[in-house]
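Sequence lines set the chain letters: A, B, ... in the order given, protein chains first and strands last, and positions in each chain run from 1. Excluded from the calculations below are hydrogen atoms, water molecules and symmetry mates; all remaining heavy atoms, backbone and side chain alike, are included.
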2 protein chains.
Amino acid sequence: MLDNFDIKLLGEIQQDAQTSQSELATRVNLSPAAVNRRLRKMAAEGVIDRYTAIVAPEKVGYPLTVICTIEVESEQIDVLDVMKRSFELCPQIQQCYYVAGEWDFVLIFSVRHMDEFNLLTRKLFFSNDNVKRFKTLVSMNRVKVGLQVPVAASDE
Amino acid sequence: MLDNFDIKLLGEIQQDAQTSQSELATRVNLSPAAVNRRLRKMAAEGVIDRYTAIVAPEKVGYPLTVICTIEVESEQIDVLDVMKRSFELCPQIQQCYYVAGEWDFVLIFSVRHMDEFNLLTRKLFFSNDNVKRFKTLVSMNRVKVGLQVPVAASDE
DNA sequence: TCTGAAAATGGACCTTT
DNA sequence: AAAGGTCCATTTTCAGA
């Protein structure tokens, strides 16, 4: 189980994964070795999924973020699995959620321009019989972006 | 400007930010010092926004991902800015996009349970006159999650 | 590109609860 | 046992020649 030390560590490394273990140690009041052990353990257990660099899309030629909602025809497991796979494999799809509500999927795309998005639309949606309808929202402003889980120490 | 070496480096560190610079060097065919310089430069320029650890929400008591779309009453700049600010400050909101299309905002929440979400809903939406309507989609499956920009070397 | 100093990581080992 | 601390070897980073 996770204690407050772990929770604090997770908070820190979600904000900045480059903080050194000795710096983390002073911040959470542990020895560097203990920090090392805890990080290592959480990584092994999958609590820490992975470490990553967040790239500014507009600085590398991908200024467009597009969000799609999709409704499917059939919710048969094997048909859905094929769809999910095709979304997973598409590098321009950053995120894919299978949801309950008015829609079945929510997708977030990172693309160079609208033409690229339209092309993907053709490949992924129009040529797929199981897509009943979809809607497109174009992001004008990425107000907040991240995957931070709001873990917080229970006391302090 | 970014050349193919930079592009490859970005690809690598988006996948695993812990890859050592010497390992990166062999992968992209550069000296470790050159890799160091390039990473440092891209971080300074903001091409690399930051380094982060991705935490598995379900392993730390945040198993619920909820997606909301919002339509506002007024799109007056100052009113919008206040809304954006309130979303930015809410730790359970991982992502917020200001969009064009049928809706004005798309929000992605990471919460402990539905009660927590309902509470936020009251605070953020019901007590805000500028929220005309909103819709909720509950994620049953986070099929793909990340913020990877699909940078790819132009040849090879 | 190479070399080397400073820093960070992570294991060994002992101590505490 | 389980977890913390100290010490030390190895690896990594990163600046200067």
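- Rounded to whole Å, atom C1' of C:dA7 lies 13 Å from atom CD of A:Glu23.
- Between A:Asp3 atom CG and D:dA2 atom C1' the separation is 12 Å, expressed in whole Å.
- Of the options B:Phe109, B:Tyr98, B:Phe105, a ring-ring contact (aromatic ring centres under 6.0 Å, His included) to B:Phe87 is made by B:Phe105 and by none of the others.
- Under the 6.0 Å cut-off for aromatic ring centres, B:Phe134 and B:Phe126 qualify, their centroids lying closer than that.
- Sorted by residue number, the members of residues 31-46 of chain B with any non-hydrogen atom under 4.0 Å from DNA chain D read B:Asn36, B:Arg40.
- Taking atom CD of A:Gln18 as the reference point, atom P of C:dA8 lies 11 Å away to the nearest angstrom.
- Atom CG in B:Leu9 sits roughly 12 Å away from atom P in D:dT13 (whole-Å rounding).
- Between the CD1 atom of A:Ile13 and the P atom of C:dT9 there is a distance of 12 Å, given to the nearest Å.
- Taking CG from B:Asn128 and CD1 from B:Ile70, the interatomic distance works out to 8.5 Å, rounded to the nearest 0.5 Å.
- In this structure, A:Glu45 does not pair ionically with B:Lys59, as no charged nitrogen and carboxylate oxygen lie closer than 4.0 Å.
- Between the P atom of D:dC8 and the CD atom of A:Gln21 lies a distance of 19 Å, rounded to the nearest Å.
- Using a 4.0 Å cut-off between charged side-chain N and carboxylate O, A:Lys84 and A:Glu88 make no salt bridge.
- A:Tyr62 pairs by the ring-ring contact (aromatic ring centres under 6.0 Å, His included) definition with nothing, not counting sequence neighbours.
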